[in-house]
Visitor: 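Quick one: the structure is below, questions incoming.
Numbers restart at 1 for each chain; the letters A, B, ... are given by sequence-line order, proteins then strands.
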Amino acid sequence: MSQKVRVRFAPSPTGPLHIGGVRTALYNYLFAKHHGGDFLLRIEDTDQTRFVPGAEEYIQQSLSWCGITPDEGPQNPGNCGPYRQSERKDLYYQYAEQLINDGYAYYAFDTPEELENVREMAKKMKAPNWQYNQITRTGMKNSLTLTKEEVEARINNGDPYVIRLKAPRNEEIRLNDLIRGWVVVNSNNIDDKVLMKADKMPTYHLANIVDDHLMDITHVIRGEEWLPSAPTHVLLYQYLGWNQPDFAHLPLILKPDGNGKLSKRDGDRLGFPVFPLEWKDPKTHEVSSGYRESGYFADGFVNMLAFLGWNPGDDREIFSLEELISEFSLERVGKAGAKFDADKAKWYNQQYLRSRSNEELEELLRPYLEAEGIQSSKGFTSRVCGLMKERASFIPDMLNDRFYFEAPTSYDEKTVRKKWKEDTPEIVKNLRGKLEGISDFSEENIDVTFKKFLEDNGYGFGKVMPGFRLLVTGKGMGPSMSAIASILGKEEVLKRIDTGLAVIEQLAS
RNA sequence: GCUGCCAUCGUCUAGUUGGUUAGGACACCGGCCUUUCACGUCGGCAACGCGGGUUCGAGUCCCGCUGGCAGUACCA
């Protein structure tokens, strides 16, 4: 590779970017950075009918959340701008014309309605899917069947027309995919794809070739759904007389159950986000959940996504973006589609949650506290986070136990029934006296006092602890009581014992 | 239908020059730890789609079959 590596991520702004798209962007980015190359963002908005407001911003923000920064793009143009195809509109026609002049393309005047009719007719006759190709083009209205005069007349008359690729007869088209190896297709199976639409906009097929060439793209890394049209692209490079980039077609991300591409509906159905960020549809106002809003960490999300189709070849699973860059290679990308695993995504998040400091977690939890109207100091919340991080997968999980922030108003019924014995009130009252005597209410001191209390009275843990926990937290399970009590403070603990005692006694009678 | 791609535990996968008790992780189940839950830890369950070759030897190479997926638009 003597040339500088340049890759592009080229989404169309037709809606939110789903995680398959994010992974494609990620692999492009990792590949570029691994080779010290450039990663460009190009907006493929040649279909004006499918434009969705906000989609481009969504794409930018999603990449940014993942830590993927384009070296060139609409926001930070390089020397190959503009980076939106709609703004490059005037660039494409000349290449289509060049193809016509060289005999590799032709004008076609068939209307969408006429094409639809032909297709329907073929369907009725149970013929295979009708295609505009080497055989059928002889029966259609185009510059191959019409006289030169009529073609000129139609064009001068302003008749709408498209420009189609003239696929060759019986040629072997081969491409060496970086992931799949040699892919060979006979040109008889390639149809005469539309290159320029009637609205004078190029189709993806023409635009992506022209832009990739003009932007010095060295590697085209994209989803497997593009593999069938790759031979057409190879043909186009050939006909335009350009060097073609290397291709790598990535395996698809599949739905967790059954088969098929992961789609928006699967997320709704199975209860996990399929989008990196929350998305509000501007038309329907429908809201789709996002990983960010669901409490996922960006670095964990990226790590998880990277492993959906790639692995380092050994047992390591936790990788920062920097580590991914240094280890990534297309050779280690699998060929088969990967079913998305929401459990694994959760596990990754748990790993990343636990590796965060209590102070970081406090900051992340704060918005949730505020949303719940809970007042809590920084120091206090960090200590709670320290206790809760071992049993949380997501930030809001740490808020599952509300007793840190407010005294229990109810007491777990099952625990009351099973653990609250006749002598429990008396025992807890005695314990209360010992706790009251502790001057420094530290976890360690509480622990020592508690154990001594057990020893002096000949009690087992199970005789005392459940009642104590119940009174202070209202629950039958949770982290170490010494730690909880210490965080809550002596005054609060004693108060809770008193009020709890009264409430439960009332319940029992 | 046609064209192309793909095929190792339920899931993600290691196994890149043929010789492995086919390894790891998630999930699940059990032991230990713990007042309890979680964490941790130890262990268990569990896979080369089928059939032919080539070879002393095939998860690995070849062919066929089956299955799955993708594409089949004046969408990307």
Visitor: Expressed as a whole number of Å, how far does the P atom of B:rG30 sit from that of B:rC48?
Guide: 26 Å
Visitor: Which nucleotide, B:rA7, B:rU11, B:rC5, lies nearest any side-chain atom of A:D341?
Guide: B:rU11
Visitor: Determine the interatomic distance between P on B:rG59 and the same-named atom on B:rU16; round to the nearest Å.
Guide: 12 Å
Visitor: Give a yes/no on whether any side-chain N or O of A:R332 is located under 4.0 angstrom from OP1 or OP2 of B:rG15.
Guide: yes
Visitor: Decide ring-ring contact (aromatic ring centres under 6.0 Å, His included) for A:H219 and A:Y27; before the verdict, give the C-alpha distance in whole Å, the side-chain angles of both, and the deciding distance to 0.1 Å.
Guide: CA-CA 12 Å; A:H219 301 261; A:Y27 282 12; over 10 Å; no
Visitor: Nearest whole Å is fine: how far is B:rU11 P from A:D257 CG?
Guide: 12 Å
Visitor: Can you tell me, in whole Å, how much space there is between the C1' of B:rC29 and that of B:rC45?
Guide: 7 Å
Visitor: What is the base-pairing partner of B:rG4, counting Watson-Crick and G-U wobble geometry with both distances under 3.5 Å?
Guide: B:rC69
Visitor: Using 30° and 60° as the class limits, which term best fits the ring planes of A:Y107 and A:Y161: parallel, tilted or perpendicular?
Guide: perpendicular
Visitor: Taking the basic N atoms (NZ, or NE/NH1/NH2) and the acidic carboxylate oxygens, is any pair closer than 4.0 Å for A:D90 and A:R88?
Guide: no
Visitor: Taking OP1 and OP2 of B:rC75, is either one under 4.0 Å from a side-chain nitrogen or oxygen of A:K197?
Guide: yes
Visitor: Name the nucleic acid region contacted by A:A338, choosing base, sugar-phosphate or nothing; use a 4.0 angstrom heavy-atom cut-off, strictly under.
Guide: sugar-phosphate
Visitor: Do NZ/NE/NH1/NH2 and the carboxylate oxygens of A:D45 and A:R50 come within less than 4.0 Å?
Guide: no
Visitor: Counting side-chain heavy atoms from CB outward, which of B:rU36, B:rG1, B:rA76 is closest to A:R469?
Guide: B:rU36
Visitor: What's the closest nucleotide to the A:P228 side chain, out of B:rA76, B:rC26, B:rG71?
Guide: B:rG71
Visitor: Evaluate the ring planes of A:F307 and A:Y348, with Trp represented by its six-membered ring, and classify them as parallel (under 30°), tilted (30 to 60°) or perpendicular (over 60°).
Guide: tilted
Visitor: Give the nucleotide from the list B:rC74, B:rG71, B:rC5 with an atom nearest to the side chain of A:V194.
Guide: B:rC74
Visitor: Please report the distance, rounded to the nearest Å, between CZ in A:F340 and C1' in B:rU13.
Guide: 16 Å
Visitor: Please compare A:R180 and A:Q85 by the position of their nearest nucleotide in RNA chain B and report the one closer to 5'.
Guide: A:R180
Visitor: Is the A:W226 to A:Y204 ring centre distance short of 6.0 Å?
Guide: yes
Visitor: As a test of reading the structure: which of B:rU35, B:rC5, B:rG24 is closest to the side chain of A:D315, going by heavy atoms?
Guide: B:rG24
Visitor: Which nucleotide in the set B:rU72, B:rU36, B:rC6 lies at the smallest distance from any side-chain heavy atom of A:M477?
Guide: B:rU36
Visitor: Atom CZ of A:R8 and atom P of B:rA76: how far apart are they, to the nearest Å?
Guide: 14 Å
Visitor: Tell me what A:T49 touches on the nucleic acid: a base, only sugar-phosphate, or nothing, going by heavy atoms under 4.0 Å.
Guide: nothing
Visitor: Any luck finding a side-chain donor-acceptor pair between A:N358 and A:S382 under 3.5 Å?
Guide: no
Visitor: Using only side-chain N and O atoms of A:R164, determine if any of them is under 4.0 Å from OP1 or OP2 of B:rC74.
Guide: yes
Visitor: Atom NE2 of A:H249 to atom C1' of B:rC69: distance rounded to whole Å?
Guide: 15 Å
Visitor: Using a heavy-atom cut-off of under 4.0 Å over every strand shown, decide if A:Y204 touches base, sugar-phosphate, or nothing.
Guide: base
Visitor: Please state whether the rings of A:Y291 and A:F340 are parallel, tilted or perpendicular, taking 30° and 60° as the class boundaries.
Guide: perpendicular
Visitor: Among B:rC69, B:rG1, B:rG71, which nucleotide has an atom closest to any side-chain atom of A:N129?
Guide: B:rG1
Visitor: Which nucleotide wins on minimum distance to the side chain of A:V162, given the candidates B:rC69, B:rC74, B:rU3?
Guide: B:rC74
Visitor: Measuring to OP1 and OP2 of B:rU72, would you say a side-chain N or O of A:S229 lies under 4.0 angstrom away?
Guide: no
Visitor: Who is the Watson-Crick or G-U wobble partner of B:rG64, with both distances under 3.5 Å?
Guide: B:rC50
Visitor: Regarding A:G260, tell me which of base, sugar-phosphate or nothing describes its non-hydrogen contacts under 4.0 Å with the strands shown.
Guide: sugar-phosphate
Visitor: Would A:L175 and A:Y237 count as a side chain to side chain contact (heavy atoms under 4.5 Å, CB included) if you check the C-alpha gap in whole Å, the side-chain angles of each, and the deciding distance to 0.1 Å?
Guide: CA-CA 12 Å; A:L175 73 127; A:Y237 280 107; over 6 Å; no
Visitor: Across the strands shown, which category fits A:G334 at heavy-atom distances under 4.0 angstrom: base, sugar-phosphate, nothing?
Guide: nothing
Visitor: Starting from C1' on B:rC6, measure out to NZ on A:K339 and report it in whole angstrom.
Guide: 13 Å
Visitor: How many whole angstroms separate atom CD of A:E224 from atom P of B:rC5?
Guide: 10 Å
Visitor: Quote, to the nearest angstrom, the P distance that separates B:rC26 from B:rG44.
Guide: 15 Å
Visitor: Is A:N311 near enough to B:rA14 that one of its side-chain N or O atoms lies under 4.0 angstrom from OP1 or OP2?
Guide: yes
Visitor: Can you tell me how far C1' in B:rU13 sits from the matching atom in B:rA27, rounded to whole Å?
Guide: 15 Å
Visitor: With both distances under 3.5 angstrom, what nucleotide forms a Watson-Crick or G-U wobble pair with B:rA25?
Guide: B:rU11
Visitor: Expressed as a whole number of Å, how far does the P atom of B:rA76 sit from that of B:rU72?
Guide: 11 Å
Visitor: Could you work out which one of B:rC5, B:rC12, B:rC69 sits closest to the side chain of A:N259?
Guide: B:rC69
Visitor: Nearest to the side chain of A:V183, heavy atoms from C-beta on, is which of B:rC74, B:rU35, B:rG4?
Guide: B:rG4
Visitor: A:F31 and A:F328: aromatic ring centres closer than 6.0 Å?
Guide: no
Visitor: Need one value for A:L254: base, sugar-phosphate or nothing, where a base atom within 4.0 Å counts as base even if backbone is also close, heavy atoms only.
Guide: nothing
Visitor: Want to settle it: does A:L115 or A:F461 sit nearer the 5' end of RNA chain B, counting the closest nucleotide to each?
Guide: A:F461
Visitor: Roughly how many Å is it from CH2 in A:W310 to P in B:rC12, rounded to a whole number?
Guide: 17 Å
Visitor: Examine B:rG71: is either OP1 or OP2 under 4.0 Å from a nitrogen or oxygen in the side chain of A:K261? Give yes or no.
Guide: yes
Visitor: Check whether any side-chain N or O of A:R119 sits under 4.0 Å from OP1 or OP2 of B:rU72, and answer yes or no.
Guide: no
Visitor: P atom, B:rG18 versus B:rG10: distance in rounded Å?
Guide: 28 Å
Visitor: Using purine N1 to pyrimidine N3 plus N6-O4 or O6-N4 for Watson-Crick, or N1-O2 and O6-N3 for G-U wobble, each under 3.5 Å, what pairs with B:rG30?
Guide: B:rC42
Visitor: Only pairs with both distances under 3.5 Å count, Watson-Crick or wobble alike; so what is the partner of B:rU55 in this structure?
Guide: none
Visitor: Using a heavy-atom cut-off of 4.0 Å across all strands, would you classify A:D110 as base, sugar-phosphate, or nothing?
Guide: base
Visitor: From CE of A:M481 over to C1' of B:rU35, roughly how many Å is that when rounded to an integer?
Guide: 11 Å
Visitor: How far, in whole Å, is B:rU60 from B:rU17 if one measures between their P atoms?
Guide: 13 Å
